[in-house]
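Everything on this sheet refers to the single structure shown next.
From a predicted model like this one, the values you see are computed outputs, not experimental measurements. Just the heavy atoms: all of them, side chains too, but no hydrogens, waters or symmetry mates, feed the values below.
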Amino acid sequence: MKRHLLVHGLGLSAHIWSHLSPLLDGEVISSDLPGHGASRSQAYGWIDLWGEISAPVRRDQWAETVLVLHSFTAALIPEIVSSGVRPAHVVLLEGILQSKDVSWSNDIALMN
């Protein structure tokens, strides 16, 4: 069975996927990052973040899973590679992969 694991960026919640989810075939998983939305977790380390995000998908399901990373969560690529899982596809939406990419994220904190 095909599944999509949708991961939101900083300052958002899984709710951002509410209009997209019904359009996707198969199972759709969109959980909140620690400290966001309904998540009660406060585990903010990179390995902890990946552990929280990947928990709903069993190891044998990754070959059928499309992983969608929004903004900041694209920086989890090293943890994903280290974990040994191999998603069917990885989609980066406005992925922040290097420091020059974070200007918008930094500027939003300065807005009132």
Original post:
So if you build clusters from Ile, Leu, Val, Met, Phe, Trp, Tyr with side-chain heavy-atom gaps below 4.5 Å, do L33 and I47 land together?
Top reply: no

**OP:** State whether the side chain of H89 and the backbone N or O of V66 hold a donor-acceptor pair below 3.5 Å, judged by distance alone.
**Re:** no

**OP:** Under the side chain to side chain contact (heavy atoms under 4.5 Å, CB included) rule, collect the residues that match up with R59, sequence neighbours excluded.
**Re:** V85

Kindly list each side-chain donor-acceptor pair under 3.5 angstrom involving residues 19-26, sequence neighbours excluded, with atom names and distances?
| from | atom 1 | to | atom 2 | distance (Å) |
| --- | --- | --- | --- | --- |
| S21 | OG | W17 | O | 2.9 |

Original post:
Closest approach of A43 and D48, non-hydrogen atoms and distance?
Top reply: CB-CB, 3.5 Å

Subject >> Distance-minimising heavy-atom pair for S13 and G37 >> reply: CB-CA, 3.9 Å

Subject >> Partner set under side chain to side chain donor-acceptor pair (under 3.5 Å) for E27, not counting sequence neighbours >> reply: R3

Original post:
Is the closest side-chain heavy-atom distance between L12 and F72 below 4.5 Å?
Top reply: no

**OP:** Provide the full list of side chain to side chain donor-acceptor pair (under 3.5 Å) pairs with a residue in residues 35-45, sequence neighbours left out, each pair given once.
**Re:** S41-E52

Subject >> Spacing of CG belonging to L49 relative to OG1 belonging to T73, to within rounding of 0.5 Å >> reply: 9.5 Å

**OP:** Calculate, to the nearest 0.5 Å, the distance between atoms CG and CG belonging to L6 and L93 respectively.
**Re:** 9.0 Å

Subject >> Qualifying residue, where the test is side chain to side chain contact (heavy atoms under 4.5 Å, CB included) with I29 and the options are V57, L67, I53, T65 >> reply: V57

Subject >> Within residues 76-87 or reaching into it, pairs that qualify as side chain to side chain donor-acceptor pair (under 3.5 Å) - sequence neighbours excluded >> reply: W50-S83

